[in-house]
Asks: 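The structure is given below, and queries will be raised subsequently.
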Amino acid sequence: GEDVEQSLFLSVREGDSSVINCTYTDSSSTYLYWYKQEPGAGLQLLTYIFSNMDMKQDQRLTVLLNKKDKHLSLRIADTQTGDSAIYFCAYSSASKIIFGSGTRLSIRP
Amino acid sequence: EAQVTQNPRYLITVTGKKLTVTCSQNMNHEYMSWYRQDPGLGLRQIYYSMNVEVTDKGDVPEGYKVSRKEKRNFPLILESPSPNQTSLYFCASRGNTGELFFGEGSRLTVL
């Protein structure tokens, strides 16, 4: 069935790079998304990638897509305390959009 | 400004009292969808709509209804709310570029 898996927690030191990984099952996905959610807040779209792309970079964010392995990653360079949040991976087919359970990113000083 | 607007943002109600959460988008998007977010479960799709008068069930449709009479609006209806529908609800719309916009969320408590 349709599924998206992410690790639950990630802890990184301030200034280091964070890499959040995601695997999905649906090979017919068209778009893949990364969202950020801070405590008590809504979902902020960080970036998204069309399924025929391998990589997308936007300032400190780099998304890598390995279609063969159905693996998506989000790299955050120079991680700051303001990056502390839950990060959701999601993919969409023509009709459905499936989310992972989220990865909680915490930043150590 | 492009946005998805949900109302109410917060609601406390009692079991069995019908309620509607409204969702409106100003981007002329064809696709709209409702999700609920529960701790540890991420977001689960309740219903979606590919266009006006076209709606379909998501993964957790039980206890919910929707309608799509016009493109901009996609209300979520709880005919007889129960405590297990206490959750954070998000509406979203998506355009042809694939960008998926979310509303700010509606926190519903059913006593």
Side-chain angles (χ1 to χ4, degrees), chain A residues 1-9 20-26 28-53 56 58 61 63 65 72 74 85-105, chain B residues 1-10 21 23 25 27 29-51 54-61 66 68 74 87-108:
Chain A
E2 302 150 333
D3 196 17
V4 177
E5 291 196 1
Q6 306 177 233
S7 54
L8 289 179
F9 300 99
I20 304 172
N21 294 301
C22 168
T23 57
Y24 59 96
T25 56
D26 189 347
S28 67
S29 59
T30 52
Y31 296 99
L32 298 109
Y33 306 89
W34 283 105
Y35 285 87
K36 176 183 180 182
Q37 187 178 37
E38 296 179 80
L43 291 154
Q44 176 192 353
L45 177 63
L46 290 177
T47 186
Y48 68 107
I49 189 170
F50 190 53
S51 58
N52 67 355
M53 297 169 64
K56 183 177 179 181
D58 184 2
L61 304 178
V63 177
L65 174 61
L72 183 74
L74 174 69
I86 300 177
Y87 291 80
F88 291 95
C89 164
Y91 74 82
S92 73
S93 59
S95 58
K96 287 194 166 187
I97 301 169
I98 308 296
F99 282 79
S101 299
T103 299
R104 184 179 296 276
L105 176 64
Chain B
E1 181 190 351
Q3 58 185 9
V4 178
T5 304
Q6 299 178 223
N7 278 296
R9 296 286 316 282
Y10 301 92
V21 187
C23 175
Q25 50 96 1
M27 295 164 280
H29 287 167
E30 292 183 348
Y31 182 96
M32 296 185 75
S33 186
W34 275 103
Y35 302 84
R36 61 178 288 174
Q37 184 180 23
D38 301 291
L41 296 176
L43 279 86
R44 294 178 293 168
Q45 194 171 36
I46 303 171
Y47 268 94
Y48 62 94
S49 171
M50 299 292 284
N51 211 330
V54 180
T55 63
D56 210 342
K57 296 177 181 178
D59 294 320
V60 289
V66 292
R68 189 89 183 276
F74 190 44
S87 188
L88 178 59
Y89 292 87
F90 288 100
C91 178
S93 73
R94 185 182 68 194
N96 293 333
T97 62
E99 197 167 354
L100 184 65
F101 292 87
F102 278 87
E104 294 187 337
S106 297
R107 188 168 293 279
L108 171 66

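Just so we're on the same page: letters track the sequence lines, and every chain starts at 1.
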Asks: What part of Leu43(A) gets closer than 4.5 Å to chain B, counting heavy atoms only: side chain, backbone, both or neither?
Replies: both

Asks: For chain B, which of Ile86(A), Leu8(A), Leu45(A) has the most heavy-atom pairs under 4.5 Å?
Replies: Leu45(A)

Asks: Listed by residue number, which members of residues 100-108 of chain B have a heavy atom under 4.5 Å from any heavy atom of chain A?
Replies: Leu100(B), Phe102(B), Glu104(B)

Asks: With the side chain counted from C-beta on, respond yes when Asp59(B) and Ile98(A) share a heavy-atom pair under 4.5 Å apart, and no when they do not.
Replies: yes

Asks: Counting only heavy atoms closer than 4.5 Å, note whether Gln37(B) contacts chain A via side chain, backbone, both or neither.
Replies: side chain

Asks: So do Lys96(A) and Asp56(B) actually touch side chain to side chain, heavy atoms under 4.5 Å?
Replies: no

Asks: Under 4.5 Å between any side-chain heavy atoms of Tyr48(A) and Thr97(B), yes or no?
Replies: yes

Asks: Checking heavy atoms, do the side chain of Leu41(B), its backbone, both or neither come under 4.5 Å from chain A?
Replies: backbone

Asks: Applying ring-ring contact (aromatic ring centres under 6.0 Å, His included), name anything that partners Phe50(A), two or more places apart in sequence or on another chain.
Replies: Tyr31(A)

Asks: Roughly how far apart are Phe99(A) CZ and Phe90(B) CZ, rounded to 0.5 Å?
Replies: 9.5 Å

Asks: Check whether any side-chain heavy atom of Ile97(A) lies under 4.5 Å from a side-chain heavy atom of Tyr48(B), and answer yes or no.
Replies: no

Asks: For Gln37(A), which atoms come within 4.5 Å of any heavy atom of chain B: side chain, backbone, both, or neither?
Replies: side chain

Asks: Checking Asp38(B) now: which residues fulfil salt bridge (charged side-chain N to carboxylate O under 4.0 Å, His left out) with it, not counting sequence neighbours?
Replies: Arg36(B), Arg44(B)

Asks: Using a cut-off of 6.0 Å, state whether more than 12 heavy atoms not belonging to Asn96(B) lie near its atom CG.
Replies: no

Asks: Looking at residues at least two apart in the chain, or sitting in another chain, which of them share a side chain to side chain donor-acceptor pair (under 3.5 Å) with Tyr33(A)?
Replies: none

